[in-house]
Amino acid sequence: MVKTNSSLNKERNIRLKGLMASVSEQRDKQAFGELFNHFAPLLRSYSLAREPGSTLLADELAQEVLIKVWNKAHTYKPELAAVSTWVFTLARNSRIDHLRRSGRFSTDIDPTALFESIEDDGPDPFQMAQRQRVEERVHNGLKQLPIEQSQILAKVYLEGKSHQEAANELELPLGTVKSRVRLALQKLELFLKR
Amino acid sequence: MANYHPTPEMLTDFSAGNLQLGHALCVSAHVEHCDECKTNLQRLNSIATNLFDGLEPASLPDTLKNAVFSKLDDEHIEEPVREKTVSSHIPRALQQFISESYETLSWKKVSSMIQQAHLSTDVSGSKISLMRIQAGGKVPMHTHSGEEYTLLLEGSFSDESGLYNVGDFLVRDERHKHRPVVTKDRECICLTVTDAPVTLTGFFTRWFNPLLRRGHFSH
């Protein structure tokens, strides 16, 4: 039987969760090594997407996040999120913290407090049941978005551009960028209906 | 339950980590008590995760793995799993500035009806503060140069466009001229983040501007 892309994705997520459990419960360095092999290249690539050419910064971010993975493994809650989601949030916070240290963001607001206070909580049970379905929809749906929509999402999430910065760079009106993001979110049926 | 929420683009920029921290603070304080936005945010994180997973893996310098492994045995204090503190009604994002209650802040009088407590100034120059307006208090007609983010923390107020209650999240810019009036039953406390000094446009309150401007830069 040919495995679908989404079942491969599911298998990988299960494997990563198993590795996290070994790291958290047995302080298993071999399992950590496998997490390193999986995530270090992605983390480096994430940093380079925002600051192309800054290889030292990329090494620093990858190193910082992976050490956090080791030190904070016990705070990862497998029932709430995929390992990749958790690692992404660590990477994003690390990026913000770097911007703060380099003086590009305010220095006296603690950024981790802003995210931890809301990302550590689980959604209610109804949302939990839906979570898996939403994740699959996003996984499959992203690949089917028109290029002009996925391009902006990549700029926002990977290159760290605000909507305004993305608009400037693509020489598009801000309204166009915003509506492309909204269309993408609609297509992915991402938001709860109000 | 809040009726006014951050826009989808704002939540998207928040989850990507692209909002300036003052704005992020406002969004975070809103989302903490808004299940709907919290769920939407978690869903946005799954977009982020998919894009992150789909990155072309970058090649690694040979030394990186050793560098990381050499630090694994360092003594470290295990971070405790954060327990949700339910005792305080102050949003957790704000607890870094406000320890126990709004009373302990150093409130400065802006007018007979309004007090202001400064929390922080962002590098971009935007100013983060709390405003406290007496029950029944009127805020002079004003417009904004740049944007003003407001999160209602206590009480309620209304303006030309609607009635706002605890948890409501508003963004006003130069297109809005508004005149908020606090409801008569209780005082109102708001978190505000202003990009630039608020401009008062009322005939009798024009004199007010220099005071506010001075307030804006005095921190």
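Just so it is clear: chains get the letters A, B, ... in the order the sequence lines come, proteins before strands, and each one is counted from 1.
- For chain B, the nearby part of A/I96 is the side chain; its heavy atoms alone come within less than 4.5 Å.
- A donor atom on one side chain and an acceptor atom on the other are found under 3.5 Å apart for A/Y157 and B/S15.
- The two atoms that bring B/I47 and A/L142 nearest to each other are O-CD1, 4.1 Å, heavy atoms only.
- Taking OG from A/S47 and CG from B/L55, the interatomic distance works out to 11.0 Å, rounded to the nearest 0.5 Å.
- Distance check, rounded to the nearest 0.5 Å: CD of A/Q164 to CG of B/D13 gives 10.0 Å.
- A/T89 touches chain B through its side chain: at least one heavy atom from C-beta onward sits under 4.5 Å away, while N, CA, C and O do not.
- Considering only heavy-atom pairs separated by less than 4.5 Å from chain B, the leading option among A/V87, A/V138, A/L114, A/D59 is A/L114.
- Contact record, A/R182 with B/P8: NH2-CD, 3.8 Å, taken as the closest heavy-atom pair.
- Pairing each heavy atom of A/H139 with each of B/N50, the nearest pair is ND1-OD1, 2.7 Å.
- Looking at B/E9, both its backbone and its side chain come within 4.5 Å of chain A, counting heavy atoms on both sides.
- The most heavy-atom pairs under 4.5 Å with chain A, out of B/L19, B/L44, B/L119, come from B/L44.
- With A/S45 contributing its side chain and B/E56 its backbone, the two residues share a donor-acceptor pair below 3.5 Å.
- Between chain B and the options A/L66, A/L43, A/T55, the largest number of non-hydrogen pairs under 4.5 Å is found for A/L43.
- Interface remark: A/L190 contributes backbone and side-chain atoms alike to the contact with chain B (heavy atom separation under 4.5 Å).
- Against chain A, no residue from residues 155-165 of chain B qualifies, as none has a non-hydrogen atom under 4.5 angstrom away.
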Review item, side-chain donor-acceptor pairs of residues 59-66 of chain B, under 3.5 Å, at least two apart:
| from | atom 1 | to | atom 2 | distance (Å) |
| --- | --- | --- | --- | --- |
| B/K65 | NZ | A/N37 | OD1 | 2.8 |

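- Relative ring orientation between B/F52 and A/Y46 is described as perpendicular, the plane-to-plane angle rising above 60° on a 0-90° scale split at 30° and 60°.
- The 12-atom threshold is not exceeded at NZ of A/K178, counting heavy atoms of other residues, nucleotides or ligands nearer than 6.0 Å.
- Proximity to chain B (any heavy atom under 4.5 Å) is shown, for A/L99, by neither the backbone nor the side chain.
- Counting all heavy atoms, side chain and backbone alike, B/A67 lies closest to A/Q63 at CB-OE1, 4.0 Å.
- The greatest number of non-hydrogen atom pairs below 4.5 Å with chain A, out of B/V31, B/V27, B/T12, is found for B/T12.
- Between A/D110 atom CG and B/L21 atom CG the span is 9.5 Å, to the nearest 0.5 Å.
- By the 4.5 Å heavy-atom criterion applied to side chains, B/Q96 and A/I109 are counted as neighbours.
- Within the 4.5 angstrom heavy-atom criterion, only side-chain atoms of A/L185, from C-beta onward, approach chain B.
- When all heavy atoms are compared, the tightest approach of A/L42 to B/D53 is CD2-O, 4.0 Å.
- To the nearest 0.5 Å, atoms OG1 (B/T39) and CZ (A/R131) are separated by 11.5 Å.
- Atom NZ of B/K109 is surrounded by 12 or fewer heavy atoms from other residues, nucleotides or ligands within 6.0 Å.
- Within the 4.5 Å cutoff, side-chain heavy atoms of A/F191 are placed close to those of B/L11.
- With a 4.5 angstrom heavy-atom cutoff, A/L48 touches chain B only via side-chain atoms.
- Between the side chain of B/N18 and the backbone N or O of A/K161, at least one donor-acceptor pair lies under 3.5 Å.
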| Full working for side-chain hydrogen bond (donor to acceptor under 3.5 Å, both in side chains) between A/T85 and B/N45 | CA-CA 7 Å; A/T85 304; B/N45 280 349; over 6 Å; no
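- Taking a 6.0 Å sphere around CD of A/Q30, one finds it holds 12 or fewer heavy atoms contributed by other residues, nucleotides or ligands.
- No part of B/L94 comes within reach of chain A, as not one of its non-hydrogen atoms sits under 4.5 angstrom from that chain.
- Your options are B/A93, B/A48, B/A29, and the one with the most heavy-atom pairs under 4.5 Å with chain A is B/A48.
- Atoms CG and NZ, from A/N71 and B/K71 in turn, are 11.5 Å apart once rounded to the nearest 0.5 Å.
- When heavy atoms are compared at a cutoff of 4.5 Å, A/A82 does not approach chain B at all.
- Contacts between A/V181 and chain B at a heavy-atom distance below 4.5 Å involve the side chain alone, from C-beta outward.
- The candidate from A/N93, A/I67, A/L188 with the greatest count of non-hydrogen atom pairs under 4.5 Å with chain B is A/I67.
- In this structure, chain A has heavy atoms under 4.5 Å from both the backbone and the side chain of B/F14.
- With respect to B/S46, the side chain to side chain contact (heavy atoms under 4.5 Å, CB included) criterion is satisfied by exactly one of A/E136, A/E135, A/R137: A/E135.
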